[in-house]
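Here is the structure we will look at, set down as structure tokens.
A note on names: the letters A, B, ... follow the listed sequences, proteins ahead of strands, and every chain is numbered from 1. Excluded from the calculations below are hydrogen atoms, water molecules and symmetry mates; all remaining heavy atoms, backbone and side chain alike, are included.
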Amino acid sequence: MIENLVIVESPAKAKTIEKFLGKKFAVRSSMGHIRDLAKKNFGIDLNNNFEPQYIVPDDKKKIVAELKKSVKDSGIVWLASDEDREGEAIAWHLYEVLKLKPDNTRRIVFHEITKEAILNSINNYRGIDRNLVNAQQARRVLDRIVGFELSPVLWKKVKPSLSAGRVQSVAVRLVVEREREIINFTPSSAFRVTGNFHAGKEENSFKADASTRFSTKEKAEKFLDQCLNSEFTVKDITTKPSKKSPAPPFTTSTLQQEASRKLGFSVSQTMTIAQRLYEAGKITYMRTDSVNLSTTAMNSAKKIIDAEYGEKYVNPRNFTTKSKSAQEAHEAIRPTYIENKTIQGNNTEKKLYELIRKRTLASQMSDARLEKTTVTIDVSESKENFIATGEILIFDGFLKVYIESTDDEQEEETKGLLPPVKKEDNLTYSSINAVQRYTSSPPRYTEASLVKKLEELGIGRPSTYAPTISTIQNRGYVIKEDRPGKERKIISLLLENRSIKEQTRNETYGSEKAKLFPDNIGMIVNDFLVEYFDNILDYNFTASIEKEFDDIASGKLNWTDMIGKFYKPFHNQVEETLEVSDYSKGERMLGKDPDSGKPVIARMGRYGPIVQIGENDPESNEKPKYAGLLKGQQLETITLEEAMNLFRLPRKIGTYEGKDMVAAIGRFGPYVRHDSKFYSMAKDIDDPFTITAERAVELIESKRERERNRIIKTFDEEPGLQVLNGRWGPYISFNNKNYRIPRKTDPKNLTLEQCHEIINESSTKKKKKS
DNA sequence: CAGTGAGCGAGCTTCCGCTTGACTT
């Protein structure tokens, strides 16, 4: 018999707390929610005022059984789940499932794991807040209604197994709309003029930009002509102090963003590594929306900064969250022991830990102080000025430890120190350069910048950012990939040695790395949902229902009333959509086939995106011609010309040994078919549209050659064992399993005995590993 | 492994938020 049983959500938390509480307390964890709506039959009784049908999922049965046992053996049960809507609901589900009694059950909360905070919570216990629980039930039920009514509409109207939901569908919408902005973006160009000036010695030259940009080459040229005959005088110098303040400590979302920008981690990678750090006791909880630090943490940060950098660098700060949706059940993400500069662990763990530590330290450090100098240069023959800006760091402050990155790809030119010049000084130029500059489209989202946007909209929670990003990719709505840039010509005019020279050079633009692109099905699903369910896809939908959840939490609104008001019109909308909407294939008319005059249509087919010539007319005997899109081609952007090109495959390219050779593209890329056998083309070398008969024969013969060389050795005694040549060198095939041959061994001279030795050795190795 | 797109019908898919392992390569 233990006097007190404390139940928290996470086992790592349980371990820490147990140390603070001493022998009279046992601490167990629930591993998050222990009950959820049944998946069968909708999980909500629509005829009985939305009564939720809760069940204990299979993977939670064991935990519940263990908790029941612990409850039996103890006196007072302390429900210590997180201090937010979900945490309150977990406490209530525990109360219900474990059949707890009011007189020996106590609800406690703390949002930092320190001894004081926990002891304090024990002295300030309360009961379960039923209003807060009801707000959670409303949230849960509404998400189930939206998800389980919308998804089946997609199964019927677009494709089976698709999904829609309050969070994921908006995430997809953001990506789709951004892509369309980019597709519709037309860059414009202007000439930016930069001069290299100096007052005395040429080594002391500095750069200054013309105060306006010139829309055409002619205008830029005219200005350079004026410069050619001008005198340059310093007209004005101003100096202004400025300061920079550190960013707050990490939340889940900002950690994901910085780990992405600075370390190149994907959102899920960051969370997996952070989870390991948390379980090892190196950092505080990693799923949080709070920027708050405990007083103890602030004090140790202060000590470290003082010791390592001096008192001048110390500036304790309390940050407040900007996010309206924040529930702040935890602290910000910080090292548990900030004095540890690094930790034991693998490389990625070390890097992420050090990032978290630097960010935490910097947040408690002084502002950086700068001085910004602006020099205005008069051009005697023109109304325009040149302007030079310089920035010097007077005091580095937090910058000594940590600089936050930005998403801006346009790297800001580093402004340095300007050489000493005075008002009225005459300046000479060594060169003045007018360079054509294009405007750039809005940037595509990265995983992390999409999380940032969702957080700004108050959509999703720290525990769901990473899973949401995975879901929209797993469903095929969005793909993360690299794209090569395109080339364009840039004109520049260089004024040097009293003459103006025109030059053109190439610039690549629009190359992308690990960016989110909508795929065909994502665009079709999004367009369908936006057309018929614009209210749910609205960026403010979550924010507006959150207000109602708040009213439920404060007791002003009854949760079933709120759901009732939502359900009826929404359900009608679903029924109506099923009736009036057409099957959505994302059809786009591309134009007319120049040969037959029939329409050319791009659309989604059973197995992927296709183009077709002619319409599907059940009354006509003439079937349309079909061709699949190539990888990288999108229904949204494919042109008539590109579509017509696809119909050139499959293409007969000649005959060999009396049989036809046909070039085409299959599921595994381009191939040549000959005598009903398939021969893959070489990646980046062969092109099915242009491949010659000679080259095709080469492919056929080289594969035959490989086939001939495949078998190195067989044994009559044991036909199931063969020594073969594979892609990665010789190997032994035995009972459909493959075994690597040690490098030093010559495969040709292997005996049957030696083969078995290799097989046995590798299987014992595998056992050891597992 | 390597096309295809007809038509029938049974049975399945799906949400968001809390949490960790259990899996394979």
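Counting non-hydrogen atoms of other residues, nucleotides and ligands closer than 6.0 Å to NZ of A:Lys623 gives a total of 12 or fewer. By the 6.0 Å contact criterion, CG on A:Asn41 is open, its count of non-hydrogen atoms from other residues, nucleotides or ligands being 12 or less.
The aromatic rings of A:Tyr656 and A:His674 sit tilted, their planes meeting at an angle between 30° and 60°. Between A:Trp92 and A:Tyr54, the two ring planes are perpendicular [angle over 60°; tilted spans 30° to 60°].
The CG-P distance, from A:Asn41 to B:dT13, rounds to 13 Å in whole Å. Going from atom NZ of A:Lys40 over to atom P of B:dG11 covers 14 Å, rounded to whole Å. Whole-Å rounding puts the A:His674 NE2 to B:dA2 C1' distance at 16 Å.
In this pair, A:Trp155 does not lay its aromatic ring on the base of B:dT14; centres under 5.5 Å and planes under 30 degrees do not both hold.
Applying the salt bridge (Lys or Arg N to Asp or Glu O under 4.0 Å) rule to A:Arg35 yields no partners; only residues at least two apart in sequence or on another chain are considered.
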If you restrict it to nitrogen or oxygen atoms, what contacts under 3.5 Å exist between nucleotides 6-10 of chain B and the protein, and what is each distance?
none

Under a 4.0 Å heavy-atom criterion, the protein footprint on nucleotides 15-25 of chain B, written with B, S and -, is BBBBBS-----
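Mapped onto DNA chain B by nearest heavy atom, A:Pro152 and A:Lys703 fall at different nucleotides, with A:Lys703 at the one closer to the 5' end.
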Begin from the C-alpha positions of A:Ile17 and A:Ile118 and carry the test side-chain contact (heavy atoms from CB on, under 4.5 Å) through to its verdict. CA-CA 8 Å; A:Ile17 291 174; A:Ile118 287 153; 3.7 Å; yes
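Using a 4.0 Å cut-off between charged side-chain N and carboxylate O, A:Lys598 and A:Asp593 make no salt bridge.
Taking the six-membered ring wherever Trp is involved, the centroid distance between the rings of A:Tyr278 and A:Tyr285 falls below 6.0 Å.
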